[in-house]
Amino acid sequence: MGDDNILGITAPSTTTWLPWECARAELDSLIRQQPVPMVRLAHVEGPHGSGKSTGMLEYISQEVRTVSPETMVIYVPSLDHEATLLCAYFRSVASTHAYLRDSTLIGLQQDTESTLHLATIPQLRKVLRQDIFEPTLPNRVALLLDLEQAPTADGELLLCELVRWCRDRLSDSAPSQRRLSELTLITMATFSRPPVHKLLAEHLQAQCRHIVMKEGGVGHGAGQSTSLSAKHLPLVVHGVDGIFDTVVQLYAIEPTLEIDMDRERCRKTNAETSALLTKMASADPENELEILVSMLNLVEIGGHLMQGDKQKGSCAVIFMDTDDDELYEPLVSRCGQDDIGLSTIRKGASLVQLVDPIIYQGPQIVCVHPDFPYALFIPRVVAITSYMAVCDRMVFDVSIGQFLLTRAGWSRMDLWTAQSYALKSWGPEAGEIPFYYHDDGLEGADFEDHFDHLELTSYAPAYDSEVMRLSLEICAPWPDRGADRRDDGCLAPLPAVSDARLLSEMWRRLVNMGCLRYLPDCRVRPALNGPRALRALEYLEETFAEALQESSVEFNVALAYFMAGIEDAGSNSTKRVMARIAALIMSAGDIHYSTPVQELQAALEDLKGDPQSSAELTKKLRAEVAAACRGVGARESHRGVVWIKLGLFLAREASRDVADDEDTRTAIDAQSFEDGLAITRDLEHLAGLDTSEDPLGDTDLQPHELDTVHREIILSWPHQIIMFDRGAERTPIDLTSYQRMALTEVLDGVDSMTADHMFAFSYTPIRRGPGNYISHVTEVPARLVQRLLRERGPLFLENQYPLVGKS
């Protein structure tokens, strides 16, 4: 849903560098209102690098506590790890913010000595849900919240639940010990999002100020305004060393190796910080923070950044798809040869991975994957390059009512975020740092004209890939109210931006799955449907949150619901098989095929126009793969990828073989096996099962148990079912959108169908291309699909959106 009107985001007022002091007078007016109102609301808009999360945060904390010393001040950044990074920075010698140095805490424990509490979005959501502040609810709260550039389900749910919590605690009917007497709520962003301001104002019944940093404001002196240069980088990446050579030429990193940099000092510092990073990776949160403070003190960043920067080496930031081996592997090789540091930042990065490029001493290249939507502080940035004119994004295509993985172009917001790495590094001097933008389609075109035609913001996960989870969680009651009460107060307010038809469709799908149920009292929203739905919600929010981040959130709901069904699956064998299937989906379960199998696959590609020869070769291929499988996976391997992966997983598990010998045999990747085995053990433990000593025997299924597994698959992924029909075996129909799909792999039985129809499912999204195509396909019994259609009606699989090309 790339419509800016639906998202409600408006362009930043300025893209030039401005200090936060430009908004100081208006912040003063807000905080020092007389008489003191019960509710103060504001949205502060200012560019990256302006000091909103440092200097302005310190100023607001100090002013609020000067006016009301007992006020609890909370700041929630949009990037979870930023809470730890900021706290460590404030406590280090690098910080120039003395007021926050010894009085900043991570977490929401009430402490009268602390001036600032830094919290993550999940931490605040949990506290709001459970209504627990330790030891007691503070009487006065000042909350500063970073709005996300690309709204996520977590961010939207936090806004909804925050409004609900504040509304209840400001109510005259709230018990005195649970009532707020004063609330200051300030949202911050580089842009304006009026629907959020409207949500706050309407539900909290107070005016929401819009404070914008403007040129000529207080603290903004002449000559400080600067904008980054935007240059089009022609296509220069040819051969193995192309990308590295380009970086060296443009950024003058190489000369720093011989001229300016104290190499011996850098090596010594890096050795010390590397040891600390290793220690931090296994530390508890309190020790983790202490170690991080020690590292920042050691490398003297922050306030000392501008002093002797050349002796520490330059940094180049490259936006690129780090999964593209053709680009990334040569870069890894050359950086190793030339003693240049290389770091990668992407969605789900650990704290250690984020800290590494911040503290590294010496010339380095930082690769930012397009799935990381934040601007991180990186010191000594001398230039920025974007090799990502397009990137993969999950969207909900309203025209066909289906989730698609598509190649989407960068928006203006994406480019501003890329440029902000320079603003955060240098502030007013960032205008001297070149920004190179690579796009094959721009040869000879004017970049400025191209930029003006880009969408403002093309992606909002909350209303695209994560809309299923958003729709599920806004139906979850709060713990202090009954799920069946006819009382809108037991639910968080609906999101500020929503397509009612889209939410309705997601609810209908969740009802079909069994996650939600409609109540007889005609409430607008359905409710959670029993213990299994609650378990699915817990899996999404806590237990497997990190592992589930690796896949599309739309399918996370399906996977979480499948996992939640393990406990009720009947026999222990069925539970163990479902646990392993879920683990393999979560851990990717990559397969290394032997050389003979690869040769057969290539030969099969050449025989697409010869059904008879293709069918014969398919049988031979399946026999080769099945020979490497064990147990129930081997027996059912003819059905497709899920059972093949299970069979290969069981082969490793039964033999306790973790060797990784690519090409010599067909096997599950060793790392995927180890990850999958750890998740399997967790799921079996949650289901009350002991660790299996005989994985082949303990996962052997009887026919009725096999039906149970298939039925759970269909119920969990009902909108990933495809149908093959005779005469068009190679282009199955997606039964949700009624669009024909191209198949990227051969499914046994397709070329020798005897029935009119054959059904299969995929746990991966449909990919948009020249004709949408689907992969990772596994056959499910037609009789089970037909039985569910009889039980629940044809709309069990379809959607209520306009269907293009349905016949």
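All of these numbers come straight from a predicted model, not from anything done at the bench.
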Closest non-hydrogen atom pair between [X] and [Y], with its separation:
| X | Y | value |
| --- | --- | --- |
| Cys160 | Pro493 | O-CD, 3.0 Å |
| Ala760 | Val777 | CB-CG1, 3.3 Å |
| Gly640 | Thr778 | C-OG1, 3.9 Å |
| Gly633 | Leu650 | N-CD1, 4.3 Å |
| Ala462 | Ala153 | CB-N, 3.6 Å |
| Leu683 | Ala582 | CD1-CB, 4.0 Å |

Short N-O contact, [X] and [Y], less than 4.0 angstrom:
| X | Y | value |
| --- | --- | --- |
| Glu636 | Lys645 | no |
| Arg125 | Glu473 | yes |
| Glu791 | Arg787 | no |
| Arg652 | Asp669 | no |
| Arg508 | Glu505 | yes |
| Arg656 | Glu674 | no |
| Arg681 | Asp690 | no |
| Glu684 | Lys575 | no |
| Asp698 | Arg580 | no |

Between the main-chain N or O of [Y] and the side-chain N or O of [X], is there a donor-acceptor pair closer than 3.5 Å?
| X | Y | result |
| --- | --- | --- |
| Ser762 | Ser775 | yes |
| Glu712 | Gly565 | no |
| Arg525 | Ile474 | yes |
| Arg576 | Thr699 | no |
| Thr574 | Gly570 | no |
| Glu538 | Arg535 | no |
| Gln720 | Thr764 | yes |
| Ser655 | Ala651 | yes |

Side chains of [X] and [Y], heavy atoms from C-beta outward: is any pair under 4.5 Å?
| X | Y | result |
| --- | --- | --- |
| Met741 | Ile766 | yes |
| Leu528 | Leu537 | yes |
| Phe761 | Ile722 | no |
| Leu510 | Ser471 | yes |
| Ile566 | Leu686 | no |
| Pro765 | Met394 | yes |
| Ile774 | Arg767 | no |
| Ile714 | Leu784 | yes |

**OP:** Tell me, please, which residues at least two apart from Ser716 pass side chain to side chain contact (heavy atoms under 4.5 Å, CB included).
**Re:**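 Ser716 satisfies side chain to side chain contact (heavy atoms under 4.5 Å, CB included) with Arg532, Tyr561, Phe562 only.
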Polar contact flag, side-chain donor to acceptor under 3.5 angstrom, [X]-[Y]:
| X | Y | answer |
| --- | --- | --- |
| Asp734 | Gln402 | yes |
| Glu148 | Tyr374 | no |
| Asp397 | Ser399 | yes |
| Glu705 | Ser573 | no |

Nearest 0.5 Å please: distance from the [atom1] atom of [X] over to the [atom2] atom of [Y].
| X | Y | atom1 | atom2 | value |
| --- | --- | --- | --- | --- |
| Leu128 | Leu124 | CG | CG | 4.0 Å |
| Asp464 | Thr406 | CG | OG1 | 10.5 Å |
| Met578 | Glu567 | CE | CD | 11.0 Å |
| Ile585 | Tyr763 | CD1 | OH | 6.0 Å |
| Met563 | Asn556 | CE | CG | 9.0 Å |
| Leu157 | Ile121 | CG | CD1 | 10.0 Å |

**OP:** Start with the C-alpha distance between Thr666 and Leu648, add both sets of side-chain angles, then the distance that settles side-chain contact (heavy atoms from CB on, under 4.5 Å), and finish with yes or no.
**Re:** CA-CA 8 Å; Thr666 297; Leu648 296 175; 4.0 Å; yes
**OP:** Determine, using ring centers only, whether Phe724 and His757 are less than 6.0 Å apart.
**Re:**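 They do not qualify: ring centres at least 6.0 Å apart.
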**OP:** Tell me, please, which residues at least two apart from Asn529 pass side chain to side chain donor-acceptor pair (under 3.5 Å).
**Re:**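 In terms of side chain to side chain donor-acceptor pair (under 3.5 Å), with neighbours along the sequence ignored, Asn529 is linked to no residue.
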**OP:** Could you give me the CA-CA distance, side-chain angles and deciding distance for Phe649 and Arg630, then say whether side-chain contact (heavy atoms from CB on, under 4.5 Å) is met?
**Re:** CA-CA 8 Å; Phe649 182 87; Arg630 295 291 182 272; over 6 Å; no
**OP:** Could you please spell out the steps behind the side-chain contact (heavy atoms from CB on, under 4.5 Å) verdict for Met513 and Leu715?
**Re:** CA-CA 5 Å; Met513 287 170 62; Leu715 284 173; 6.0 Å; no
**OP:** Evaluate the ring planes of Trp643 and His710, with Trp represented by its six-membered ring, and classify them as parallel (under 30°), tilted (30 to 60°) or perpendicular (over 60°).
**Re:**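 The arrangement is perpendicular - the two ring planes meet at more than 60°.
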Subject >> Residues Leu470, Glu156; criterion side-chain contact (heavy atoms from CB on, under 4.5 Å); working and verdict >> reply: CA-CA 8 Å; Leu470 178 73; Glu156 296 294 275; 4.0 Å; yes
**OP:** Please step through ring-ring contact (aromatic ring centres under 6.0 Å, His included) for the pair Phe396 and Tyr463, ending with a clear verdict.
**Re:** CA-CA 8 Å; Phe396 184 76; Tyr463 301 99; over 10 Å; no
**OP:** Could you walk me through whether Asp321 and Arg346 pass salt bridge (charged side-chain N to carboxylate O under 4.0 Å, His left out), step by step?
**Re:** CA-CA 10 Å; Asp321 183 358; Arg346 64 183 306 163; 5.8 Å; no
